[in-house]
Chemist: 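Have a look at this one.
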Amino acid sequence: MKNRITLKELAKLLNVSVSTVSKALNDSPEISPKTIQRVKELAALHKYRPNPTAVNLKSSKSGTIGVIIPNISNAFFANVLSGIEAQAQKEGLQVITYISNESWEEEKKIVEMLATGFVDGVLIAIAEETQRKKEFGHIQNLIDYDIPVVLYDRIDFDMTVDKIGVDDRKIFFDATKYLQTLNLKKIGIATSIHHMGVGKLRITGYKEALASKEDFFIANSAKPDSLREKLLKLMLQDKVDALLCSDFESTMMAYRLAFENGLRIPRDLKIVGFINGKLARYLAPSVSYVDQKPERIGENAMILLKKRINNPNEKGRDTQIVETELVHLESTASA
């Protein structure tokens, strides 16, 4: 039995967007009469029938939001989800959570399922592999199907959607400037996410704050053994005075290597990390960290999505930046 033609296939045949085909079939005043006629004639020729689930989406709200999390073992994303859930309850909405495990293929499967139309909108932090491959077609399909999308945390992408995150460049620019006020000359950066958008922005902020290129010290690798080797070089050969760690893995590895090699924190080495605040305080000495306000990101992402669901035709897209805070604990104290 031959499969029915889809909205996407009709759009491809007509060389127009999925959104244009959908609006033409619904006699939208946004579409010219000539285009509406072309679309309807081709749809009739191919005996097109709309997906009943997608029709239900257009005619009524499901009260359900799809949330895609890249890594649930990361405390940051767990806290973002907590904020999303809390705000969704206030809005009377249900949340269905999916985990991409930083996989492009898994994320694509999830998005394709959500694109069938059983959710009112989607909140997504784009997977690491998707960023590396630079293949965002599945996310664009959500947009083409007029399903509201909000990007959270990982927002440095050219997409016509609402976004909410932090200013990753400014975070490490300000942190570097602060360490410079302590008369520290050799400030290094450690990162296992240098290939990702947020990692690149943090490196950029750090570099912009340096007085000269000669002051640039970096340990960057997504492979633990390589990152360990590069960190040891910064600590033992370059003898950096401080380290900015752009993610959880680099923060904990730097902390451990300092201990193993007899470097006293903060006397011999000061550390600023991206780490959960509760864990940062339990360590001895405690680690100064960047508070990204994850619960607030989650709450505001939900508010932003609800606004877009209620006003789907509102022009323009909103990008919100949540203010972060550098929390100073023992690892940056004066020796």
Side-chain angles (χ1 to χ4, degrees), residues 75-76 79 153 155-156 165-194 196-220 227 230-231 233-236 238-259 263-297 321-335:
F76 169 79
N79 289 331
D153 181 53
I155 62 175
D156 190 32
V166 300
D167 189 340
D168 288 286
R169 186 203 63 80
K170 185 175 185 296
I171 287 171
F172 265 18
F173 179 89
D174 291 345
T176 305
K177 287 296 186 183
Y178 169 77
L179 291 173
Q180 289 170 343
T181 66
L182 303 179
N183 293 318
L184 302 176
K185 303 302 180 185
K186 289 186 176 182
I187 300 169
I189 185 170
T191 176
S192 68
I193 58 170
H194 56 288
M196 295 176 63
V198 293
K200 291 175 181 178
L201 287 168
R202 291 168 193 173
I203 294 170
T204 297
Y206 156 73
K207 290 177 72 174
E208 288 178 352
L210 298 176
S212 69
K213 293 181 180 179
E214 286 70 32
D215 296 330
F216 181 61
F217 298 93
I218 188 169
N220 59 320
L227 182 61
K230 291 181 178 182
L231 269 170
K233 179 181 180 300
L234 290 191
M235 292 178 178
L236 304 181
D238 298 322
K239 297 185 183 299
V240 294
D241 302 312
L243 273 174
L244 295 169
C245 302
S246 76
D247 54 278
F248 179 81
E249 184 172 359
S250 62
T251 303
M252 296 309 297
M253 186 178 290
Y255 194 89
R256 176 70 187 185
L257 289 176
F259 170 76
L263 296 176
R264 296 162 297 178
I265 300 173
R267 179 176 296 180
D268 302 322
L269 179 69
K270 299 188 190 303
I271 293 179
V272 173
F274 270 79
I275 187 173
N276 177 268
K278 291 182 181 179
L279 177 58
R281 295 175 189 278
Y282 280 131
L283 295 172
S286 56
V287 177
S288 300
Y289 67 97
V290 177
D291 183 357
Q292 300 177 80
K293 314 292 184 183
E295 290 87 357
R296 187 177 302 169
I297 290 176
I321 300 300
V322 174
E323 287 294 323
T324 58
E325 178 186 0
L326 180 55
V327 181
H328 295 288
L329 300 178
E330 292 169 334
S331 69
T332 54
S334 299

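What's counted below: heavy atoms across the whole structure, side chains too, no hydrogens, waters or symmetry copies.
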Chemist: If you round to the nearest 0.5 Å, how far is CG of D268 from CE of M235?
Modeler: 11.0 Å
Chemist: Using side-chain heavy atoms (C-beta onward) and a distance below 4.5 Å, is Y289 in contact with T251?
Modeler: no
Chemist: At what distance, to the nearest 0.5 angstrom, does CG of L234 lie from CD1 of I189?
Modeler: 10.5 Å
Chemist: Is it the case that atom CZ in F216 sees more than 12 heavy atoms from other parts of the structure closer than 6.0 Å?
Modeler: yes
Chemist: Just how far is it from atom CG of L263 to atom CG of L257, taken to the nearest 0.5 Å?
Modeler: 9.0 Å
Chemist: Looking at side-chain heavy atoms only, is the closest gap between I155 and I321 below 4.5 Å?
Modeler: yes
Chemist: Which residue pairs satisfy the side-chain hydrogen bond (donor to acceptor under 3.5 Å, both in side chains) criterion with at least one member in residues 169-179, sequence neighbours excluded?
Modeler: R169-E208, K170-D174
Chemist: For a side chain to side chain contact (heavy atoms under 4.5 Å, CB included) check, start with the C-alpha distance between L326 and H328, then their side-chain angles and the critical distance, and finish with the verdict.
Modeler: CA-CA 6 Å; L326 180 55; H328 295 288; 3.5 Å; yes
Chemist: Report the distance from atom OH of Y255 to atom CG of L231, rounding to the nearest 0.5 Å.
Modeler: 15.0 Å
Chemist: In the structure I gave you, are the side-chain heavy atoms of L269 and V240 within less than 4.5 Å of one another anywhere?
Modeler: yes
Chemist: Before giving the answer on side chain to side chain contact (heavy atoms under 4.5 Å, CB included), spell out for N220 and I203 the whole-Å C-alpha distance, their side-chain angles and the decisive distance to 0.1 Å.
Modeler: CA-CA 10 Å; N220 59 320; I203 294 170; 5.5 Å; no
Chemist: Does any pair with a residue in residues 278-295 pass salt bridge (charged side-chain N to carboxylate O under 4.0 Å, His left out), and if so which ones, sequence neighbours excluded?
Modeler: D291-K293, K293-E325
Chemist: Let me confirm one number: the CE-CG distance from M196 to D247, rounded to the nearest 0.5 Å.
Modeler: 9.5 Å
Chemist: Side-chain contact test, heavy atoms from C-beta onward, threshold under 4.5 Å: evaluate it for I265 versus E330 and give yes or no.
Modeler: no
Chemist: I want to check something: taking the side chain as every heavy atom from C-beta on, are I218 and Y206 in contact at a cut-off of under 4.5 Å?
Modeler: no
Chemist: Is there a side-chain contact between S288 and S331 in this structure, where contact means two heavy atoms from C-beta onward sitting under 4.5 Å apart?
Modeler: yes
Chemist: Roughly how far, to the nearest 0.5 Å, is the NZ atom of K200 from the CG atom of D156?
Modeler: 9.0 Å
Chemist: Hey, is K233 close enough to D238 for a salt bridge, meaning N to O under 4.0 Å?
Modeler: yes
Chemist: Just wondering, do D241 and K185 contact through their side chains at under 4.5 Å, heavy atoms?
Modeler: yes
Chemist: Return the minimal non-hydrogen interatomic distance between Q292 and I297, and the atom names on each side.
Modeler: O-CD1, 3.5 Å
Chemist: Go through the steps for C245 and I271 under the test side chain to side chain contact (heavy atoms under 4.5 Å, CB included), then give the verdict.
Modeler: CA-CA 7 Å; C245 302; I271 293 179; 4.2 Å; yes
Chemist: Which heavy atom of D168 sits nearest a heavy atom of V198, and at what distance?
Modeler: OD2-CG1, 3.5 Å
